[in-house]
Protein chains: 2
Amino acid sequence: MLAQSGHRSGQARRALLELLDSQTCALSAVEIEHELREGNRPVGRASIYRILDELERLHLVQKVQVGQDMARYEPTRAGDGHHHHLVCDNCGTITPFTDAGLEDAILELSRRLPVRVAEHEIVLHGDCQSCAAG
Amino acid sequence: MLAQSGHRSGQARRALLELLDSQTCALSAVEIEHELREGNRPVGRASIYRILDELERLHLVQKVQVGQDMARYEPTRAGDGHHHHLVCDNCGTITPFTDAGLEDAILELSRRLPVRVAEHEIVLHGDCQSCAAG
DNA sequence: CTAGGTGCAAACTGTTTGCAACCCT
DNA sequence: AGGGTTGCAAACAGTTTGCACCTAG
């Protein structure tokens, strides 16, 4: 965890990084606060937002606006972890997925556009498996 | 404007629909309120949100979470109006774009996934033309 | 020792809700 | 006339900020 980009360690920061690293999909700030409290590493709300903001600037986490309510954050892993989200409009469940064809299309599109595309975020809306079945 | 899905007309609703129809890209609730006030058709904040919520349920407008702050709304036109958004991380400008390859990829992906995909939303992050140039 | 990190509580902002007045039909 | 519709203001939730304390280096 090379957050040595001119930053100190600090317990809150460490706890948050460990939590994020153990997660596979996006977490909201509230969920993070709750998880940390459960794990006996309580961290103030303010610190959570401040740290996440910092990590985002360092491109270590990405803020994703899946769903319609609160923001979610997830670590930007090297590529094997790259995925997108399917949100169930019925129950709100968020499911990650990957698709090579989609990535190719975006790559090609990026070349066509007269801008520098740094990140992309894809959100599919629909009914998740359990809701579609019911 | 066939909002006759069991709903009445009302001036606020009419004014909002007319405004949305004249726009080409997504508007935020605050922008909508401002625009309506400018056009001498002031509509209460609450009504704006209520109407937008209703229109979304009727699939006449789509709520898009572009950027990181407030929600934006735009009419769901038959297909010619379908587009996605590129948001400049530097100045916040939002630019619409379309890409057939992307749509194809999503269509194919939808078939592969074990869920019913109703809508999709793609947001590219990067630097817009003016920011990249500066 | 001291600059940066942290927690608390108050301030902010976008969104929602309660309620009384209003106006299409 | 009557129920959906609207506006106002207060309530909410997530996020941000001010400030005093603390801790890593």
Side-chain angles (χ1 to χ4, degrees), chain A residues 1-20 26-37 39-58 60-74 87 92 94, chain B residues 1-20 26-37 39-58 60-74 87 92 94:
Chain A
M1 213 76 78
L2 47 160
Q4 301 337 106
S5 315
H7 287 283
R8 285 212 222 135
S9 172
Q11 6 187 328
R13 219 164 277 200
R14 188 164 307 158
L16 209 165
L17 280 172
E18 278 171 13
L19 173 62
L20 277 181
L27 286 177
S28 72
V30 186
E31 287 168 348
I32 289 175
E33 182 180 13
H34 191 257
E35 285 294 319
L36 287 174
R37 193 170 306 284
N40 289 59
R41 295 303 287 282
V43 172
R45 240 187 296 282
S47 302
I48 293 179
Y49 284 109
R50 268 188 296 236
I51 295 171
L52 287 174
D53 196 52
E54 220 169 76
L55 293 177
E56 193 190 5
R57 255 196 306 282
L58 293 173
L60 288 177
V61 310
Q62 183 176 6
K63 189 180 192 176
V64 303
Q65 279 290 87
V66 57
Q68 46 270 32
D69 33 12
M70 50 206 167
R72 285 169 173 279
Y73 301 82
E74 64 184 359
V87 47
I94 296 169
Chain B
M1 213 76 80
L2 47 159
Q4 303 334 107
S5 316
H7 287 285
R8 285 211 223 136
S9 172
Q11 11 186 332
R13 217 163 279 196
R14 187 164 308 158
L16 209 165
L17 281 172
E18 279 170 14
L19 172 62
L20 276 181
L27 285 177
S28 72
V30 186
E31 288 168 347
I32 290 175
E33 182 180 13
H34 189 258
E35 285 294 320
L36 287 176
R37 192 170 306 284
N40 288 59
R41 296 303 288 281
V43 172
R45 241 188 295 283
S47 302
I48 293 179
Y49 283 109
R50 268 188 296 235
I51 295 173
L52 286 174
D53 195 53
E54 219 170 77
L55 293 177
E56 193 191 4
R57 255 197 306 283
L58 293 173
L60 288 177
V61 311
Q62 183 176 6
K63 189 180 191 174
V64 303
Q65 279 291 81
V66 57
Q68 46 271 31
D69 32 14
M70 50 205 167
R72 284 169 173 280
Y73 302 82
E74 63 185 359
V87 48
I94 296 169

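Chain letters run A, B, ... following the sequence lines, proteins first, then strands; residues in each count from 1.
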Quick one: side chain to side chain donor-acceptor pair (under 3.5 Å) partners of B:E35, sequence neighbours excluded?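 Partners of B:E35 by the side chain to side chain donor-acceptor pair (under 3.5 Å) criterion come out as none, since no residue qualifies.
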Evaluate the criterion side-chain contact (heavy atoms from CB on, under 4.5 Å) for residue pair B:K63 and B:L52; output intermediate values, then yes/no. CA-CA 9 Å; B:K63 189 180 191 174; B:L52 286 174; over 6 Å; no
Could you give the distance from OH (A:Y73) to CD1 (A:I51), rounded to the nearest 0.5 Å?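 Going from the OH atom of A:Y73 to the CD1 atom of A:I51 covers 12.0 Å.
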Can you tell me how far apart CE (B:M70) and CG (B:L27) are? Round to the nearest 0.5 Å.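 Between atom CE of B:M70 and atom CG of B:L27 there are 10.5 Å.
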How close or far is atom [atom2] of [N] from atom [atom1] of [X], stated in whole angstroms?
X: A:L36; N: C:dT6; atom1: CG; atom2: P; answer: 12 Å
X: A:E56; N: D:dT16; atom1: CD; atom2: C1'; answer: 14 Å
X: B:M70; N: D:dA13; atom1: CE; atom2: C1'; answer: 18 Å
X: A:L27; N: D:dT15; atom1: CG; atom2: P; answer: 13 Å
X: A:E33; N: D:dT15; atom1: CD; atom2: C1'; answer: 12 Å
X: A:L52; N: C:dG5; atom1: CG; atom2: C1'; answer: 15 Å
X: A:K63; N: D:dG14; atom1: NZ; atom2: C1'; answer: 10 Å
X: A:L55; N: C:dT6; atom1: CG; atom2: C1'; answer: 15 Å

Tabulate atom names and distances for all N/O pairs under 3.5 angstrom spanning the protein and nucleotides 3-9 of chain D.
residue, atom, partner, partner atom, Å
D:dG3, N2, B:R8, NH1, 2.8
D:dG3, N2, B:R8, NH2, 3.1
D:dG3, N3, B:R8, NH2, 3.0
D:dG4, O4', B:R8, NH2, 3.4
D:dT5, OP1, B:R8, N, 3.1
D:dT5, OP1, B:R13, NH1, 2.8
D:dT5, OP1, B:R13, NH2, 3.3
D:dT6, OP1, B:A12, N, 3.4
D:dT6, OP1, B:R13, N, 3.1
D:dT6, OP2, B:R13, NE, 3.4
D:dT6, OP2, B:R13, NH2, 3.4
D:dG7, OP1, B:P42, O, 3.4
D:dG7, OP2, B:G44, N, 3.0
D:dG7, OP2, B:S47, OG, 2.8
D:dG7, N7, B:R50, NH2, 2.8
D:dG7, O6, B:R50, NH1, 3.3
D:dG7, O6, B:R50, NH2, 3.0

OP1 or OP2 of C:dT16 less than 4.0 angstrom from a side-chain nitrogen or oxygen of B:Y49, does that happen here?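 No, no such contact exists.
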Between B:H34 and B:V30, is the side-chain contact (heavy atoms from CB on, under 4.5 Å) condition met? List the steps. CA-CA 6 Å; B:H34 189 258; B:V30 186; 5.7 Å; no
Would B:L20 and B:L55 count as a side-chain contact (heavy atoms from CB on, under 4.5 Å) if you check the C-alpha gap in whole Å, the side-chain angles of each, and the deciding distance to 0.1 Å? CA-CA 11 Å; B:L20 276 181; B:L55 293 177; 4.3 Å; yes
A:V43 versus A:E33, closest heavy-atom pair with distance: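 Shortest heavy-atom separation between A:V43 and A:E33 comes out as O-CG, 4.1 Å.
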Given axes from five pairs at either end, by how many degrees does the helix from C:dC1-D:dG25 to C:dT25-D:dA1 bend, rounded to 10°? 30°
A:R41 side chain vs A:A15 backbone, donor-acceptor pair below 3.5 Å: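 Answer holds: no.
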Given side-chain contact (heavy atoms from CB on, under 4.5 Å), test A:R8 with A:R13 step by step and report yes or no. CA-CA 9 Å; A:R8 285 212 222 135; A:R13 219 164 277 200; 5.6 Å; no
